[in-house]
Amino acid sequence: MAQQTTAPTEEELAAAGLGLAIDGEVARITLSRPRRRNAMTGRMWTELARIGHTLPDRVRIVVVTGEGPTFSSGIDLDMFRSGDVDGEPTPLTLLARDPGDTAALERTIAAYQEGFLWLRRADIVSVAAVRGHAIGAGFQLALSCDIRVLSDTARLCMKEPALGLVPDLTGTKPLVELVGVNRAVELCLTARTVDAAEAERLRLAERVVADAELESAVDDLVAQLLAVPADAARATKELLLQAEHNDLETQAGAERTAQLARLAAMVGTSR
Ligand code: ACO
């Protein structure tokens, strides 16, 4: 699917159930369909991808949150019906149109996944601020972020297998990396709900705070992140992202290479 290169307008964002506020180096994305508990549609995911692809270069922190008491109730259950949702055909509609053409459906799912993948980019730090339920796709969106700050009201659930599906919005890898494969199997194949205290124990939350303090806790975190120089933050995230795939020797070499670049930049700026 062709990558959109123009930023979404206010109207397009609103039609997709999203809010976007960019203030200097910080972008705040709000899932904004509160009457449906911020249920997510294909259009929401493709617009999320568009936000990521067209974010101004200066942005280095992205906060993802939900409007109201629920982060997200997951996929809009209308997406499991035939027809259109928000003017776009549902996956079932695509399949029914041409059952043999799985390539079209695969391209559609890949486009949905783009809405989640960009949150790992090294030039940004993404923060999920989770209040209330984060179910299915909502949980996967939180898992796509670098840091999860949970209100003590947070409730996480990977519900897809209970609905006859698999989690396919890029959540399985971070889930396994965070909790290990055995716990991931237990969580997914019981589709049980994890509260905030357990989420913290399982390393699914970097910070858990009282519900009334969620916004201020996220603001404090953002201030701490902004206090680190942008170039060093990016180079460090690049290093951290490759650490688990590298052996120690390779990683040590990557550290040297990155540090040489940092030191060269320092010498350059001190001249
Ligand atoms: N899709 C569409 N509409 C939804 C969804 C959803 N996922 N979740 C909630 N809504 C709607 C309800 O139908 C209801 O609409 P109505 O006011 O017209 O009756 C409204 O949002 C409020 O829902 P309640 O259930 O009354 O809200 P409550 O706060 O009690 O519960 C909760 C919230 C826990 C999120 C509950 O709504 C729920 O379990 N929703 C379904 C979750 C789900 O199965 N998601 C799919 C996961 S799989 C995936 O994401 C791929």
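Treat the numbers as computed from the prediction; the structure is a model and nothing was measured. Start at 1 and go down the list; that is how both ligands and their atoms are numbered.
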Pairs touching residues 8-22 that satisfy salt bridge (charged side-chain N to carboxylate O under 4.0 Å, His left out), sequence neighbours left out: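 Pairs touching residues 8-22 that pass the test: Glu12-Arg50.
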Side-chain heavy atoms of Pro8 within contact of Ile51, under 4.5 Å: yes
Pairing of Arg192 and Glu198 as salt bridge, 4.0 angstrom limit: yes
Test: Asp23 and Arg58 ion pair at under 4.0 Å: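 Salt bridge between Asp23 and Arg58, a charged N being under 4.0 Å from a carboxylate O: no.
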Glu106 atom CD, over 12 foreign heavy atoms within 6.0 Å: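 12 or below, so no.
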Neighbour list for ligand 1 [protein residues, heavy atom under 4.0 Å]: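 Answer by chain and number: Arg35, Arg36, Arg37, Ala39, Ser73, Gly74, Ile75, Asp76, Leu77, His133, Ile135, Gly136, Ala137, Lys159, Glu160, Leu163.
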Ser126 side chain to Arg121 side chain, donor-acceptor N/O pair below 3.5 angstrom: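 Per modelled atom types, Ser126 and Arg121 side chains form no pair under 3.5 Å.
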